[in-house]
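Being a predicted model, the structure only gives us computed values, none of them experimental. The basis for the numbers below is simple: all heavy atoms, side chains too, and nothing from hydrogens, waters or symmetry mates. So that the names make sense, note that chain A is the first sequence line, chain B the second, and so on, each numbered from 1.
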Amino acid sequence: MGAESTDAVPRHRYTAALAGAIEQRWQRYWEERGTFHAPNPVGPLADGELPDQKMFIQDMFPYPSGSGLHVGHPLGFIGTDVFARFHRMDGRNVLHTMGFDAFGLPAEQYAVQTGQHPRKTTEENMRTYLRQIRRLGLAHDERRRIATIDPEYYRWTQWIFLRIYDSWYDEQADCAKPIASLEQAFAAGDVSTSDGRAWTDLSADERRAEIDERRLAYISEAPVNWCPGLGTVLSNEEVTADGRSERGNFPVFRRNLRQWMMRITAYADRLIDDLDRLDWPDKIKTMQRNWIGRSYGARVHFPCGDSAIEVFTTRPDTLFGNVALILAPEHPLVERITADAWPSDVDSRWTGGATTPAEAVAAYRRAASLKSELDRQENKDKTGVFTGTYATNPVNGERIPVFVADYVLMGYGTGAIGVAPGEDQRDWDFVTVLGITPVRTVQPPAGHPDDTPYPGDGPHVNSSHENGPSLDGLNIDDAKKTITAWLEEHDHGKGAVQYKLRDWLFSRQRYWGEPFPIVYDETGAAHALPESMLPIELPEVDDYSPRTFDPDDADSMPSPPLSRAGDWVEVELDLGDGPKTYRRDVNTMPNWAGSCWYQLRYVDPTNSERFVDPANERYWLGPQDAHGPNDPGGVDLYLGGQEHAVLHLLYSRFWQKVLFDLGDVSSDEPYRKLFNQGYIQAYAYTDARGSYVPAEEVSESDGEFFWNGQKVNQEYGKMGKSLKNVVTPDDMCETYGADTFRFYEMAMGPLDVSRPWATKDVVGAHRFLQRLWRNVIDESTGELRVTDTEPSDEDLRALHKTIDGVRGDYDGLRFNTAGAKLIELNNHVTKAYGKSGTPRTLAEPLVLMLAPLCPHVAEELWSKLGHDNTLAHSTFPVADERYLIEDTVEYPIQVNGKVRSRITVSASATQDEVKATALAEEKIAALLNGEPRKVIVVPGRLVNVVL
RNA sequence: GGGGCCGUAGCCCAAUUGGCAGAGGCACUGGAUUUAGGUUCCAGCCAGUGGGGGUUCGAGUCCCCCCGGCCCCA
């Protein structure tokens, strides 16, 4: 831009350059004065007086990605900032900050490729991230920034792990308790040992095993997705439908491996039931309920040789139709019950072509281990092999064959099912393949096809036995009650609740995560390290990748990166038995660990004595009377994307509840109110060859799109480098300033709705700020142009209506309509005073109301209006009711639903007066033919005359 | 396949929750400023709410069916 053109612009116009200067100045001001420091009740962050009303606002923990931010990332951050600034201006003590969920795979993979320590990469990324968000003017308390990779942070993550490890779930009391009380309970006989022997009869090792088995954090042989080609276990999400790793496309095997587990299932009921006390979107609550998947049914024992197979079913009423049993391929009884030889009359469809049951089962199990769980559940082509063994159906004494089939999963129920083809599609498909005849136990309605199961309700049939119960004629509910009572009475089983939720696999064979504060002695027994040894810091290693194997070597064992840090792994310690050599646990915690409790650390980030001081925790997170008697407490607003609907939010709730049970925190839920923001998406364009072209260089003409003269194809979706459609907040700050960007981003639409980014629309927000600026400042002289003129009655009505509306909008996270109302008021001011100067009584509240959305320009104008202090605290205007009440009301008058005329009456007119005036109105009277059939008067709204 | 959410002007979105379809922005048109373009300012223009049926005095809003899009579960 040349000198000539800048001359044309008035010197004091609100341009991007001026905006940039203002923004930097105020960002420095806020930082230097600690404007957004939120005082704590106690500790280093305490600072004199404490407002009684607090507001704790939290964004979902960002991962500091290396590729930088695009305009979609800060949408939620700006939203929470506007909300936070509004409440701070309304007098509340507002805690809002941001830290980093900084452990994770991308930095580790980068380290594997380049040899650069993941900490270095991560810290660089965090700096970039902070620089980018700092430009946006987010009012964070920067003293409270934390990162999960800081040893002073993960020290407490490890501490919480030990708290969980050191507790058990007391079913009677329905809460977690310290492990010491379990020992007492065992000794007193309140809790029985696994084999029923008396506690005093157990050896020390046996006692330890009993206790270890009941811990909330425990080691188990759990089936996991083992990927030898990558050298690590994978989460289900990382495995493709055809049973291979998403990354690298290596085979993935279901293997039992010793892994840390968290007993989240102990909390299944509370995690479901407490959802009712949360102010969360119904959608997320539903997703959590479905994930936990509570169902009521029965556990039934089917005698089988000298053992018994336990089955869980949600339909015990269909037991008479159980024509077979199925064990999951991983079921521990499979080997024991598999027969030596096929019965002489075995059906060829049952043998898998093998000469003995053992061969058939072994081959089948091997094939099943190659399939993903998803695949096993979804596959419509059912398979299975006969074990050569029969079990006895307890309700009728019939001999039924026992199969192994992979659509039965070990992780759900007991890993064994009774096959009820008459009422279940999967079972129907299964028996069809194996040539077994289905038996219906519920009579389908007339017209139901003969070749499909009937899962609906109806009278039971074929459901009685001389020595057993009779369900015939009963509906499902009554049949379930009857059969469950019968099973319990005859000791064949009992009513049971089943959950889809499984315990949480808590170890990973990675480098870049929290080490476990656990060592193993020479017998392999785990020992917790004392609190005084925390944090257990990550050792330096030469190679950040786990050892990998032949991709098809299913029997290989994981060898995590930490296992090769020899000096670190072998450690001599005195854990009470004198100095001994121990081996450290070489796994690391999963990425979720650090984000399970960060709201607690934000509250007291510098505390070196405790993970959080109870006084600070109670003040910021404790239950509050204002929220009613059942208030769970927690963060006042938690904002983030829906992608964390289940895992993070469930894990976090679980940890919170454990800490609550142990008396470490005062609230039993971490997040009282949850809000999901939408996503900003973008158009992308491909040329004739399908390559992406730079979106910013594409122009539209008559609904078609062109780039460099050639026609291109429009796509809609994510913003990303590979799609060549990235717009960054830095670009927007450069072109328009952060305030314009903030305003536009909030004005685009409701916060919870996804929408397309449109750079060309941003200018509208910029023009608004220019007009508002001009209403306060003379563009050419820079002088204030406010006056002491008394505002008109109309002005005051417009002003107070805006105050009233904007307050409600800010509080309800409706920033788009708040912005529109401010534009409207500003347009009113421009029209009335654009030439003469704005009355101060209008200018000041307008500036204050703008501040949450556009804080820099608002501070600048506020200071130019003669105020020495920041507007950040306790300045938000309050509407005067007087100006919200109208003297007169205009009523549209409809005749048969169509507006035919209007009348203006006093606001105090009664319904009868309004009706009379309406009917007397000239045009309406002319349409009337005698008495109307009906006249509807909606007070304050309209009149409808029905002829 | 099951469940949920959403379709309002050329585009992004409002609509006091069943009461006058339009607040705000973009684009567009005209005018002012400017040597001109751009900027800026002022004024104006545009739909009857995806389609069909129902309830109601009255439906964008409630109910049913269909179409299109997104999400979750299988």
Side-chain angles (χ1 to χ4, degrees), chain A residues 1-2 4-10 13-16 241 281-291 293 373-375 377-380 407 425-426 455 500 641-643 645-646 676 678-681 683 700-703 716-717 740 743-750 752-768 770-771 773-774 779 801-802 804-805 808-809 814-828 830-831 834-835 890-902 932-947:
Chain A
M1 214 177 283
E4 296 83 2
S5 55
T6 38
D7 278 355
V9 177
R13 170 165 294 170
Y14 183 76
T15 58
D282 286 336
K283 181 178 177 164
I284 305 293
K285 290 189 186 184
T286 302
M287 285 168 72
Q288 292 219 341
R289 285 193 191 99
N290 291 341
W291 186 265
E373 277 197 20
L374 199 69
D375 193 29
Q377 283 174 292
E378 283 188 11
N379 200 338
K380 301 246 184 311
Y407 77 97
Q425 184 68 52
R426 293 163 304 174
K500 212 169 82 190
Q642 289 188 10
E643 66 272 21
V646 177
N676 294 119
Y679 299 98
I680 290 183
Q681 298 187 291
Y683 293 105
E700 193 202 330
S701 168
D702 290 331
Y716 180 59
T740 295
F743 190 92
Y744 171 68
E745 194 137 302
M746 293 298 100
M748 289 169 76
D752 56 347
V753 172
S754 297
R755 56 259 145 117
W757 177 261
T759 298
K760 68 179 175 60
D761 291 2
V762 181
V763 68
H766 192 61
R767 286 183 196 145
F768 159 61
Q770 285 185 328
R771 289 198 299 272
W773 175 270
R774 196 181 302 119
E779 282 192 335
K801 194 175 138 218
T802 306
D804 188 52
D809 285 348
R814 296 184 298 270
F815 307 129
N816 53 329
T817 50
K821 288 181 172 88
L822 292 174
I823 293 174
E824 204 176 353
L825 179 63
N826 190 57
N827 288 348
H828 171 88
T830 306
K831 201 167 281 183
K835 301 211 164 55
E890 189 192 60
Y891 281 87
I893 306 166
Q894 296 181 341
V895 176
N896 289 343
K898 285 191 173 168
V899 179
R900 296 296 185 188
S901 186
R902 288 164 196 283
R933 279 222 310 241
K934 202 172 181 182
V935 179
I936 292 134
V937 179
V938 185
R941 293 261 77 104
L942 55 57
V943 180
N944 189 13
V945 180
V946 186
L947 293 183

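- Between A/R767 and B/rC26 there is a side-chain N or O to OP1 or OP2 distance below 4.0 Å.
- Ring to ring, A/F768 and A/W773 are not that close: their centroids are 6.0 angstrom or more apart.
- With distances taken from any side-chain atom of A/N944 to the nucleotides B/rU40, B/rG58, B/rC13, the minimum falls on B/rG58.
- By the rule that a glycosidic angle within 90° of 0 means syn, B/rU61 does not qualify and counts as anti.
- Neither OP1 nor OP2 of B/rG58 sits under 4.0 Å from any side-chain N or O of A/Q894.
- In this entry B/rA14 has no Watson-Crick or G-U wobble partner, no candidate having both defining distances under 3.5 Å.
- Proximity of A/K934 to the phosphate of B/rC57: a side-chain N or O atom is located under 4.0 Å from OP1 or OP2.
- Of the options A/R767, A/H766, A/E745, a side chain to side chain donor-acceptor pair (under 3.5 Å) to A/T740 is made by A/H766 and by none of the others.
- Take the nearest nucleotide of RNA chain B for A/M748 and for A/E890: the residue whose nucleotide is more 5' is A/M748.
- Counting distance only, with no hydrogens placed and no angle test, the side-chain atoms of A/R902 and the base atoms of B/rC20 include a donor-acceptor pair under 3.5 Å.
- In terms of position along RNA chain B, the nucleotide closest to A/P892 lies nearer the 5' end than the nucleotide closest to the other residue of the pair A/P892 and A/D761.
- With its glycosidic angle within 90° of 0, B/rG48 adopts the syn conformation.
- Between A/K831 and B/rC42 there is no side-chain N or O to OP1 or OP2 distance below 4.0 Å.
- Under 4.0 angstrom from either OP1 or OP2 of B/rC41 there lies at least one side-chain N or O belonging to A/R771.
- The CE atom of A/M748 sits 11.0 Å away from the CG atom of A/N816 when rounded to the nearest 0.5 Å.
- Taking only side-chain atoms of A/E824, from C-beta outward, the nucleotide of B/rA23, B/rC71, B/rG24 with the closest atom is B/rA23.
- Nucleic acid contact for A/T830: sugar-phosphate only, since backbone atoms but no base atoms lie under 4.0 Å from a heavy atom of the residue.
- When both distances must be under 3.5 Å, the Watson-Crick or G-U wobble mate of B/rU61 does not exist.
- Across every strand in view, B/rG1 sits in a pair with B/rC73 that passes the Watson-Crick or G-U test at under 3.5 angstrom.
- Nucleotide B/rG7 forms a Watson-Crick or G-U wobble pair with B/rC67, both donor-acceptor distances falling under 3.5 Å.
- Nucleotide B/rA43: paired with B/rU29 (Watson-Crick or G-U wobble, both distances less than 3.5 Å).
- Using a 3.5 Å distance cut-off with no hydrogens or angles, the side chains of A/Y679 and A/Q642 do not pair a donor with an acceptor.
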